[in-house]
Enquirer: 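Quick one: this structure, given as structure tokens, is what I'll be asking you about.
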Amino acid sequence: MLSSMDDNSISMSDITAFLRRRRLQIAATFLVVFAAVVVVTLLMPKIYESHMKVLVKNERADMIVSPDHSDNAEYRGQVSENEINSEIEILTSNDLLRDVVVKNGLDRRQHFSDPAVNIERAVNALHKNLVVSPVRKSNVILVEYSDIDPHKAASVLTSLADLYLEEHLKVHGTPGSYEFFKAQTEKYEGDLRTAEAQVADLRQRDNIIAPAEQRELALQKAADAQSALNQTETQISEYSQKIADLRAQLRSIQPRVVTQTRTSSNEYSVERLHTMLAELQNHRTQLLAKFQPGDRMVQEADQEIADTQAALAGAKKLTGQDQATDVNPLYQSLQIEVAKQEAELAGAQSGREALSHQLWDYRKQSMKLADDSTAFDDLLRTQKAAEDNYALYVKKTEEARIAESLDKEKIANVAIAESPLEPHLPSKPNKAMNFLLGGMFAAFFSVALAFVSEYFRDTVSEPRELEELTRLSVLARSYGD
């Protein structure tokens with residue numbers, strides 16, 4: 001090995017000398033390697049590549065099988081990366097590829113005795129030759145397949161597309177949902193009819209139209225009756241107090257009062273006594289004509305005259321008084337007022353009894369309406385729940401029917417944007433690219449081999465190399481052929 005090759009500072013003259021010395025070796029090595037690349041390229045089997053594009057979209061809403069009242073269809077406008085990856089996984093699933101292998105007879109290319117082994121090896125080969133990748137910044141999946149048979153390359157992708165659409169609908173679909181929702185719809189329809197019949201029966205039996213309003217009206221009537229009863233009680237108390245006061249006043253007032261008083265003298269008695277006195281004096285005169293003044297008869301006549309004179313004097317002094325009385329009007333008015341108040345009291349007491357009965361009836365009616373209202377509300381809630389469930393499952397049934405119809409028509413959220421075509425030009429080998437890369441490799445390899453050979457040579461070809469080996473100066477050199 002020469003020390004000059006170890007020097008870190010290699011001059012341009014060294015490189016030129018190196019290429020001149022190894023030009024034949026480099027040319028021979030280049031030609032051999034490039035010829036090998038050309039031969040290998042020409043002998044390589046032709047590989048035909050077919051491709052298709054799958055568009056992932058969200059135009060069809062996914063049906064959600066659930067018993068809730070939320071919207072059954074889940075619609076997503078944007079396609080997420082997860083959805084793209086999910087579709088890629090479906091495209092490359094073993095079950096799907098196995099069906100493609102069997103349908104296109106790829107397992108017959110294998111020559112094992114066990115058919116299951118042939119199918120599995122064919123699936124692995126299909127995995128290897130199938131390239132599935134998302135197109136950047138799009139909702140498109142690019143599927144490429146290479147095969148030595150151009151017709152087989154297109155037919156494999158065509159089968160893959162058909163089977164993939166069926167598998168997509170199977171994975172995203174809900175088989176049997178229409179029958180399930182239809183059965184649930186019939187069940188809730190029966191529950192709704194039963195609830196409606198129970199509500200109608202309760203209305204007819206208890207005469208319930210609007211229990212809440214009826215109960216409110218009964219309570220209002222009960223409140224009004226209670227208020228009227230309280231007022232009646234107050235009136236009864238007032239009437240009783242007035243009657244007591246009036247009776248106390250009656251006891252302190254006379255029933256009759258003097259309306260007229262007349263005073264008169266005793267004229268008739270005086271005239272009568274005068275007449276008697278005149279008669280007694282005439283009788284004495286007649287007695288004196290017959291008897292002496294001292295005679296007993298005359299003295300008796302004198303005594304009678306004296307008595308009559310005394311009576312006449314008393315009669316002149318005596319006067320008569322006449323009084324006229326009548327019913328006391330105040331007493332009478334108080335009696336009328338008492339009668340009036342007693343009549344009012346009797347009316348108030350009678351009204352109290354009637355109001356008490358009304359109040360009891362209203363309270364009883366409100367309590368009954370409260371019980372009926374609870375039962376009625378329960379029935380209404382049951383009817384409303386059955387009605388909501390029935391409407392929900394009618395809607396779900398229709399959506400399930402539409403979903404199954406879409407599945408039958410193979411209308412899905414994926415579509416074959418570009419169908420596979422049978423290629424006419426091979427994709428491999430790429431002769432121009434192979435020749436270009438082969439030439440570059442041959443050049444690199446030939447130069448590298450020449451460098452290695454130069455590195456390990458043990459001869460001296462340049463004066464500088466000799467000077468480095470001998471530590472002596474070279475004075476002259478000769479150039480020979």
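Values reported hereafter were calculated over all heavy atoms of this structure, with side chains retained and with hydrogens, waters and symmetry mates removed. Count residues from 1 along the sequence.
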Enquirer: Regarding Glu353 and Gln349, do their side chains bring together a donor and an acceptor under 3.5 Å, going by distance alone?
Expert: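 Per modelled atom types, Glu353 and Gln349 side chains form no pair under 3.5 Å.
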
Enquirer: Do you know the tightest heavy-atom contact between Arg98 and Val123?
Expert: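 Result for this residue pair: CA-CG2, 3.8 Å.
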
Enquirer: Check whether any side-chain N or O of Ser50 sits under 3.5 Å from a backbone N or O of Pro420 as a donor-acceptor pair, and report yes or no.
Expert: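 No; judged by distance alone, with no hydrogens or angles, the pair does not exist.
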
Enquirer: Do any N or O atoms from the side chain of Thr92 and from the backbone of Ile88 form a donor-acceptor pair under 3.5 angstrom?
Expert: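 Flag set: sc Thr92 to bb Ile88 pair under 3.5 Å.
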
Enquirer: Can a salt bridge be assigned to the pair Glu387 and Lys384 using a cut-off of 4.0 Å between side-chain N and carboxylate O?
Expert: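 No salt bridge links Glu387 with Lys384.
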
Enquirer: Are the charged groups of Asp147 and Arg109 less than 4.0 angstrom apart, N to O?
Expert: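 Answer for the salt bridge query: yes.
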
Enquirer: Dump the intermediate steps for side chain to side chain contact (heavy atoms under 4.5 Å, CB included) on Gln281 and Ile305, then the final yes or no.
Expert: CA-CA 7 Å; Gln281 286 177 352; Ile305 291 172; 4.0 Å; yes

Enquirer: Minimum heavy-atom separation for Thr232 to Ala348, with atom names?
Expert: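 Between these two residues, the closest heavy atoms are CG2-O, 3.1 Å.
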
Enquirer: Side chains of Ser146 and Glu49: closer than 4.5 Å at any heavy-atom pair?
Expert: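 Of all side-chain heavy-atom pairs linking Glu49 with Ser146, at least one is under 4.5 Å.
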
Enquirer: Between Asp224 and Gln220, do the side chains contain an N or O donor and an N or O acceptor separated by less than 3.5 Å?
Expert: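 There is such a pair (donor and acceptor under 3.5 Å, judged by atom type) between the side chains of Asp224 and Gln220.
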
Enquirer: For the backbone of Leu106 and the side chain of Asn104, can you confirm whether one donor and one acceptor N or O come within less than 3.5 Å of each other?
Expert: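 No, Asn104 side chain to Leu106 backbone: no donor-acceptor pair under 3.5 Å.
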
Enquirer: Could you verify whether a donor N or O on one side chain and an acceptor N or O on the other, from Glu89 and Asn85, lie under 3.5 Å apart?
Expert: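 Side chains of Glu89 and Asn85: no pair found under 3.5 Å.
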
Enquirer: So, does Asn118 use its side chain to make a donor-acceptor pair with the main chain of Phe112 at under 3.5 Å?
Expert: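 Yes; at least one donor-acceptor contact below 3.5 Å.
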
Enquirer: When you compare the side chain of Val54 with that of Val140, does any pair of heavy atoms fall below 4.5 Å?
Expert: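 The answer is no, as the side chains (C-beta and beyond) never meet within the 4.5 Å cut-off.
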
Enquirer: Tell me, do Leu160 and Leu130 make a side-chain contact under 4.5 Å, heavy atoms counted?
Expert: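 When only atoms from C-beta onward are counted, Leu130 and Leu160 do touch, with a gap below 4.5 Å.
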
Enquirer: Backbone N or O of Glu233 within a donor-acceptor pair of the Ser237 side chain at under 3.5 Å?
Expert: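 It does not hold such a pair.
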
Enquirer: For His127, does the NE2 atom sit with more than 12 other heavy atoms under 6.0 Å from it, leaving out its own atoms?
Expert: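 Counting other residues, nucleotides and ligands, NE2 of His127 exceeds 12 neighbours.
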
Enquirer: Does the side chain of Tyr164 come under 3.5 Å of the side chain of Glu87 through a donor N or O and an acceptor N or O?
Expert: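 A donor-acceptor contact under 3.5 Å links the two side chains.
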
Enquirer: Does Ser356 use its side chain to pair, donor to acceptor, with the backbone of Arg352 at less than 3.5 Å?
Expert: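 Confirmed, Ser356 side chain pairs with Arg352 backbone.
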
Enquirer: Hydrogens and angles aside, do Asp245 and Gln249 bring a side-chain donor and acceptor to less than 3.5 Å of each other?
Expert: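 Gln249 and Asp245 do not have a side-chain donor-acceptor pair below 3.5 Å.
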
Enquirer: Check step by step if side chain to side chain contact (heavy atoms under 4.5 Å, CB included) holds for Lys53 and Ile141.
Expert: CA-CA 6 Å; Lys53 293 180 181 179; Ile141 299 174; over 6 Å; no

Enquirer: Please lay out, stage by stage, how Leu345 and Ser240 fare under the test side chain to side chain contact (heavy atoms under 4.5 Å, CB included).
Expert: CA-CA 7 Å; Leu345 177 61; Ser240 299; 3.7 Å; yes

Enquirer: In a check of side-chain contact (heavy atoms from CB on, under 4.5 Å) between Tyr145 and each of Leu157, Val132, Val131, Val100, which one passes?
Expert: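 Among Leu157, Val132, Val131, Val100, the one meeting side-chain contact (heavy atoms from CB on, under 4.5 Å) with Tyr145 is Leu157.
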
Enquirer: For the pair Glu189 and Arg193, find out whether any cationic side-chain nitrogen is under 4.0 Å from an anionic carboxylate oxygen.
Expert: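 Between Arg193 and Glu189 there is a salt bridge, with a charged N closer than 4.0 Å to a carboxylate O.
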
Enquirer: I'd like to know whether Asn124 forms a side chain to side chain donor-acceptor pair (under 3.5 Å) with Glu120, so could you lay out the CA-CA distance, the side-chain angles of the two residues, the decisive distance to 0.1 Å, and finally the verdict.
Expert: CA-CA 6 Å; Asn124 293 335; Glu120 186 171 352; 4.8 Å; no

Enquirer: If we ignore hydrogens and angles and just use 3.5 Å, is the side chain of Ser350 paired with the main-chain N or O of Gly347 as donor and acceptor?
Expert: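 No: the side chain of Ser350 does not pair with the backbone of Gly347.
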
